[in-house]
S.K.: 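If you scroll down you'll find the structure; I have some questions about it.
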Amino acid sequence: MIMQYVSAFFKFWQDFIIGEDWTIAATVVWGVALIFGLVGAFVNSWYLLPIIIAGSIGWSVWGVLASNLKSTRVSLMKMIISKLLRKTLWLPMAVVIITPLVAYQLNSNVSVPMSIFLLSVTLNFFVVTMLALITSPLYRIRPLSVSLVSAFMSVWLLLDRVQPRLQELATQIDAKPYLSRNLMVLLLIVVTLSALSWLLRISLE
Amino acid sequence: MDYFFLGISVFLACTVEMIEALTIILAVGTSRDWRSTFAGAVCAVATLVIAVLLFRPFLQRAALEQNSEIIKNLWLIAGSLILIFGLQWLKKSILRFTGLLPIHNENTKYERVRQQATKTHRSERKRIDYYAFVLAYKGVLLEGLEVIFIVLTFGAVEGNVDLGIKAAAIAFLFVFLLGLALHRPLARLPENTMKFAVGIILVTFGTYFATRGTGVIWPRGADSIGGLLVFYLLMSLGLIALIKSERSKLSTQKSQ
């Protein structure tokens, strides 16, 4: 009997604060935890939570629409993701993932905070891009525009952060027989420009 | 500017909740016993006031703390709670605007509660009608709890619980006097619009303070709140327009 009262008490507060859709509360907690981790890795991701909230509430409201029309959110999502995967998703993801790995290769003894930073930025933009792409049909934003902006920002931020380190490591890199500073910088520029031009070409088709 | 939004959001939230509580009081009072109904409502208000007075000193002291870690933790927890709570209000108001949820009708609720109260047996020998008392107490307490939650959490992050209490008191008096004058449910007030406005404000401030609690630095400091408000307003209005058009498009496809 006491357990019934205790569970009723907790259920009341759960309904009161979290409500019917627990995914919104879970997304907020996850978003805040993600930002907390990113701040610890020196990424001032102030823009992240509003985007996560927009995606979360769009997803939640969309679920009500789907159930209202006797369809499922999963079937609507499958239709959209299959379109996205054919065209746009893999390329910006490749850019976002390859760029820090290339930057990492500039010096195999890169410090631990720098690697955490690079991985954090990668994860950051991956999550933001995924959320924006998933909700882009709902908000009528072209997925390619989102991918382009996200990939560009990722590369720009990484180059901006890695630039001082590149200059510092210039002499060390020159000493390595299998790496040349000019070659690595050239490779980085080629990868970035190729990805951007490919995305631009697809978006103009 | 922050205090203005604090006052407005508490005033609107309290007005909306008190309208719903007034409907219950009117329905129970007209179908049962006014004295028992008022007694229940007064006891509920007293409970809420005690709850606020219990938490108020703690929150005021925490907000005035010089230790930045304590302030940050307060922002993080209270901001996240405001955000989650505000998203519930915002989501429901968006669903009502798109027609996915029916608009809250105070007249319908009044009739439903009145019929239910009329059916329940009342003992003629007892001085207090316990059914009326409990129904009024529960109704006012549950509606008022949401207001108290906003007053305490919002007041905590702003360091001004007293302003929230004053705004809630003004809203309570406003609805009480209006209900006394009209003696019927306040069905004509734009309840969903008010809930939408409160939802936007709570989500904005919740986002700002929750992220401040993590250590994030906003590019324009407190002025970023204005930008967040505009972002969420545009997002919500855009979502309403898109859901309405998706709904009509998908309905047409299904019927073909």
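Values in this document were obtained by computation on a predicted structure and should not be read as measured data. Both backbone and side-chain heavy atoms feed into the values below; hydrogens, waters and symmetry mates do not.
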S.K.: Between CD1 of A:I53 and CG of B:L87, what distance do you get to the nearest 0.5 Å?
M.R.: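 So the CD1 of A:I53 and the CG of B:L87 are separated by 5.0 Å.
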S.K.: How long is the gap from CD1 on A:I57 to CD1 on B:I94, to the nearest 0.5 Å?
M.R.: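 With rounding to 0.5 Å, CD1 (A:I57) is 4.5 Å from CD1 (B:I94).
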S.K.: Between B:V216 and A:W46, which heavy-atom pair has the shortest distance, and what is it?
M.R.: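 Looking at all heavy atoms of both residues, the closest pair is CG1-CB, 3.5 Å.
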S.K.: If I compare all heavy atoms of A:A54 with all of B:F231, which pair ends up nearest, and what's the gap?
M.R.: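 Shortest heavy-atom separation between A:A54 and B:F231 comes out as CB-CZ, 4.2 Å.
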S.K.: B:Y232 and A:L49: which non-hydrogen atoms are nearest, and at how many Å?
M.R.: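 Answer, listing the atom of B:Y232 first, then A:L49: OH-O, 4.4 Å.
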S.K.: Minimum heavy-atom separation for A:V28 and B:S80, please, with both atom names.
M.R.: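 Closest heavy-atom pair between A:V28 and B:S80: CG1-O, 4.5 Å.
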S.K.: Under 4.5 Å from any heavy atom of chain A, what part of B:L76 do you find: side chain, backbone, both or neither?
M.R.: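 Side chain of B:L76 only, per the 4.5 Å heavy-atom cut-off to chain A.
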S.K.: Side chain, backbone, both or neither: which part of B:I217 has an atom under 4.5 Å from a heavy atom of chain A?
M.R.: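 Both backbone and side chain.
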S.K.: Could you list all the side chain to side chain donor-acceptor pair (under 3.5 Å) pairs where at least one residue sits in residues 81-91 of chain B, not counting sequence neighbours?
M.R.: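 Residue pairs passing side chain to side chain donor-acceptor pair (under 3.5 Å), neighbours aside: A:D21-B:K91, A:S60-B:K91, B:W89-B:E146.
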S.K.: Restricting to side chain to side chain donor-acceptor pair (under 3.5 Å), what partner residues turn up for B:W218, sequence neighbours left out?
M.R.: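 B:T211.
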